[in-house]
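Here is the structure we will look at, set down as structure tokens.
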Amino acid sequence: MNAPTILISGASDGIGLALARHYAATGARLLLLGRRPASGLGESFFTATSYCRVDLAQPYAHAIVKRFLLHQGIERLDLLIHNAGLGYYGPLEQQPAATINDMLAVNVHAPIALTHALLPLVERTHGSVVFISSIAANLPVPQYAVYGASKAALDGFARSLRVELAGRARVQVIHPGATRTAMHARSGAPLEKLGWSRFPPPERVARAIARAIASGRDETTIGLGNRMLRWAGRQLEWLGY
Amino acid sequence: MNKHCVITGAADGIGRALALRFGAAGYGITGVDVDEARAAQTQAELQRAGAEARFIIADLGQQAGVEHAAGELAQLPLIDVLVHNAGISAVGRFGALDLARQQAVLHLNLGAPLLLSAALLRQERMGRGGSLVFLASLSCFTGYPGAASYAASKDGLAAYARSLAAARRDLHVLTVYPGPTRTAHARRYSPDNRRESRRMPPEQLANAIAHAVQRRQRLLIPGAGNQLFALLGHLAPRLTEWAMRKTVLEKV
């Protein structure tokens, strides 16, 4: 059997990089999206034929990715993993319009546009479209209001798309909790106050994500504590909190 | 002085019904809408009914439109009730449906209320204890195969409202989850209009929202049938997804 072809967005750092390492070790054909220049990426699996440098906040990013795949002769995708995401921590009235727009562009518009552009490739393998969401989607998160909204939007999109694609492709949503990645530092969150050093490292979270994808389950929350939090969040929502 | 109610998408449909309802309750109404002709009609209608009414013409689907509306609102009295009502939909199979149209849905339904709320809160335009009302959708509980981007926009909006309510205890936040409503919007986007008479009249919905604002409710699912469907969606999501598949997806 041929090695699976796997596309990962946000692959140059954090959970995406850990996922890329994990799948590289299995011998998969990788297609990796990131914003950083290729020269700054140490791993040997970042090559001219695997790495597409693209800023997903740009409106035509999906067209750039599609063209890249065409150039590489990629006609099938087994896994399309939407992992790239921006964070912002702080009072929502202080979040500038530009960062609200960027966050919606990267966290919501880009995965939807990429799915629209690449769905035929995933359907060809009866593969899976995977969304890396967050438990923040199901909790009131006053300091992460737009982030939580962007992840909830992704969940709503995935839920409806799953019903549409039944029998042709899988749609899977993974909800990690807080992870020890640079997204938190970049978001402006007070790392020490949040207990950043206690967050699980991206490698461990990536392994759990890969297991969840392999299981074929529609939805997985990573970690028992996160599962309980998310469950509570969903009950509270029903009560209006 | 009159209380001030701002309603986006107020020229037609649910927004117009809300404008008339809040106008009748003595609020001064500021509508925001992209449709200039309809806005003029609704403004005249409000004024004939004795309400103080004005419209800001802006396309909230564009960043410049949001900025224009926020700038105009900064010149007006503080806001007692702000209703994020403007919305569009796009119905069809995701892969076959034009991407630009789906993006327009996300910009207007999700981007605009987030940007406008942030801008107005930044400029401290909400009056003391004012109400922010977000029109989400029953689809938040039931799923909406055949309108995936619309479902995304409404789930995102409801989540934002929830975080906003937690962040700003000094304000009142109400999230409304309407089911099918008897508007031109629904007629345009529904694959099957034969049972239009069973949709809720917008006046009834507007009335329920006005009461919920008065009682400072946090959540409103208007109508017993919708409440039952939402509960089903909460307890047995597969069942409502199947029902939506039958009634929407298989007809587009």
Side-chain angles (χ1 to χ4, degrees), chain A residues 59 62 91-101 103-105 107-109 111-113 115-117 119-120 123 136-166 168 171 233-241, chain B residues 63 66-67 70 93-95 97 99 102-103 106-107 110-111 114-115 117-124 139-141 143-168 174-175 217-220 230-231 234 237-238 241-242 244-245 249:
Chain A
H62 61 285
L92 54 96
E93 55 271 47
Q94 282 172 23
Q95 183 168 358
T99 73
I100 295 176
N101 281 325
M103 189 176 289
L104 291 178
N107 297 11
V108 183
H109 283 265
I112 290 178
T115 303
H116 200 264
L119 193 54
E123 286 182 332
N138 296 100
L139 294 168
V141 278
Q143 303 294 330
Y144 291 105
V146 178
Y147 178 77
S150 74
K151 293 302 189 182
L154 214 49
D155 289 9
F157 175 74
R159 179 183 181 187
S160 293
L161 186 68
R162 179 181 302 127
V163 179
E164 276 191 47
L165 298 183
R168 290 185 288 150
V171 176
R234 299 190 65 168
Q235 308 312 310
L236 282 173
E237 180 178 21
W238 179 248
L239 301 174
Y241 284 90
Chain B
Q63 165 98 24
V66 176
E67 282 166 13
R93 289 193 174 267
F94 171 70
L97 201 56
L99 180 64
Q102 302 195 58
Q103 286 171 327
L106 287 160
H107 281 303
L110 179 61
L114 269 54
L115 290 165
S117 298
L120 294 174
L121 292 171
R122 203 179 300 129
Q123 300 176 69
E124 298 180 9
S139 71
C140 296
F141 294 107
Y144 202 164
S149 293
Y150 178 85
S153 72
K154 294 303 186 182
D155 276 27
L157 191 62
Y160 179 77
R162 190 180 186 193
S163 293
L164 175 60
R168 294 294 301 262
L174 166 67
T175 311
Q217 265 170 246
R218 303 172 59 105
L219 175 146
L220 170 65
L231 184 63
H234 185 67
R238 293 288 183 274
E241 284 164 14
W242 174 82
M244 294 297 280
R245 185 193 178 106
L249 186 66

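Reminder, nothing fancy here: chain letters follow the sequence lines and each chain counts from 1. Model, not experiment: these values are computed from the prediction.
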Could you report the tightest heavy-atom contact between [X] and [Y], atom names first, then the distance?
X: A:S160; Y: B:A148; value: CB-CA, 3.9 Å
X: B:L219; Y: A:L239; value: CD1-C, 4.5 Å
X: B:A152; Y: A:I112; value: CB-CD1, 4.5 Å
X: B:Y160; Y: A:A149; value: CB-CB, 3.8 Å
X: B:F94; Y: A:E164; value: N-OE1, 2.8 Å

(message) Shorter than 4.5 Å, heavy atoms on both sides: which option in B:L115, B:L164, B:L220 has the most such pairs with chain A?
(response) B:L115
(message) Could you measure the distance from the CG atom of A:L154 to the CG atom of B:D155? Nearest 0.5 Å is fine.
(response) 10.5 Å
(request) Calculate, to the nearest 0.5 Å, the distance between atoms SG and CZ belonging to B:C140 and A:R159 respectively. (result) 9.0 Å
Under 4.5 Å from any heavy atom of chain B - which part of [X]:
X: A:E237; result: both
X: A:Q95; result: backbone
X: A:L139; result: backbone
X: A:P96; result: backbone
X: A:L92; result: both
X: A:A117; result: neither
X: A:Y241; result: both

(message) For chain B, which candidate among A:L119, A:V141, A:L161, A:L165 shows the most heavy-atom pairs at distances under 4.5 Å?
(response) A:V141
(message) Which one wins on heavy-atom pair count under 4.5 Å against chain B: A:A166, A:G156, A:A153?
(response) A:A153
(request) Dump the intermediate steps for side-chain contact (heavy atoms from CB on, under 4.5 Å) on A:N101 and B:Q63, then the final yes or no. (result) CA-CA 9 Å; A:N101 281 325; B:Q63 165 98 24; 2.3 Å; yes
(message) Has A:H116 got a side-chain atom pairing as donor or acceptor with B:Q102's backbone, closer than 3.5 angstrom?
(response) no
(request) Say whether, by atom type as modelled, one donor and one acceptor occur between the side chain of B:R162 and the main chain of A:N138 under 3.5 angstrom. (result) yes
Examine whether an atom of [X] lies under 4.5 Å from a heavy atom of chain A, and if so say whether it belongs to the side chain, the backbone or both; otherwise answer neither.
X: B:S149; answer: both
X: B:L121; answer: both
X: B:L120; answer: neither
X: B:F141; answer: both
X: B:L114; answer: both
X: B:A119; answer: neither

(request) Over 60° means perpendicular and under 30° means parallel, so classify the ring planes of A:W238 and B:H234, tilted if in between. (result) parallel
(request) Flag the pair A:L104 / B:L106 as yes when at least one side-chain heavy-atom distance between them is below 4.5 Å, and no otherwise. (result) no
(message) So, applying side-chain hydrogen bond (donor to acceptor under 3.5 Å, both in side chains) with A:E93, which one of B:R122, B:R168, B:Q123 is it?
(response) B:R168
(message) Evaluate A:R162 against B:E241 for salt bridge (Lys or Arg N to Asp or Glu O under 4.0 Å), listing each step before the verdict.
(response) CA-CA 10 Å; A:R162 179 181 302 127; B:E241 284 164 14; 5.5 Å; no
(request) Give a yes or no on this: more than 12 heavy atoms of other residues, nucleotides or ligands lie within 6.0 Å of atom CZ of A:R234. (result) no
